[in-house]
Amino acid sequence: MNFRPLHDRVVVRRRDAEEKTAGGIIIPDTVQEKPMEGDVLATGSGLVNAVGRLVPLDVKPGDRVLFGKWSGTEVRIAGEDLLVLKESDLMGVVEGARTA
């Protein structure tokens with residue numbers, strides 16, 4: 001990927017939506033909700049605090065994260081639909097679920 005996010009921004013690939021319920025009912029594409037879970041692909045360098053020090057981000061490429069349904073900005077990079085969010089839009093990291 002030829003895109004480097006700046007400051008406290010994070011590039012996330014949404015995980016695929018569930019196509020079946022726990023009971024086995026198939027959910028049609030037209031009513032599936034946007035997944036609120038994704039994998040971090042790239043991160044910025046961090047945010048400069050009031051003292052002028054660079055504060056690195058808590059997430060890193062490969063982390064699986066949770067975020068709000070309407071968070072971030074959807075972009076298309078190299079033909080792939082991705083999401084660019086600020087780190088503060090992330091709700092947390094799913095532990096034990098590194099992907100890359």
Nearest heavy-atom contact between E37 and F67 is C-CE2, 3.7 Å

Same cluster or not: are V59 and L83 linked, directly or through other Ile, Leu, Val, Met, Phe, Trp or Tyr residues, by side-chain heavy atoms under 4.5 angstrom apart?
-> yes

Find the distance between CD (E95) and CG (D63) and round it off to the nearest 0.5 Å.
-> 8.0 Å

Kindly compute the distance separating NE2 (H7) from CG (L54), expressed to the nearest 0.5 Å.
-> 10.0 Å

Minimal non-hydrogen separation, K60 against T43, with atom names | CA-CG2, 4.2 Å

side-chain contact (heavy atoms from CB on, under 4.5 Å) between L82 and F3, intermediate numbers included | CA-CA 11 Å; L82 302 172; F3 179 79; over 6 Å; no

Gap between atom OG1 of T73 and atom NZ of K86 - 0.5 Å precision | 10.0 Å

Identify which one of D58, V40, D89, V10 satisfies the side-chain contact (heavy atoms from CB on, under 4.5 Å) criterion when paired with V65.
-> V40

Sidechain-backbone polar pair: N49 side chain, V51 backbone, donor-acceptor under 3.5 Å = yes

Drop me the distance from S45's OG to D8's CG, to the nearest 0.5 angstrom.
-> 9.0 Å

To the nearest 0.5 Å, what is the distance between CZ (R14) and CE (M36)?
-> 9.5 Å

Go through the steps for D39 and R15 under the test side-chain contact (heavy atoms from CB on, under 4.5 Å), then give the verdict.
-> CA-CA 7 Å; D39 301 314; R15 298 193 57 85; 2.9 Å; yes

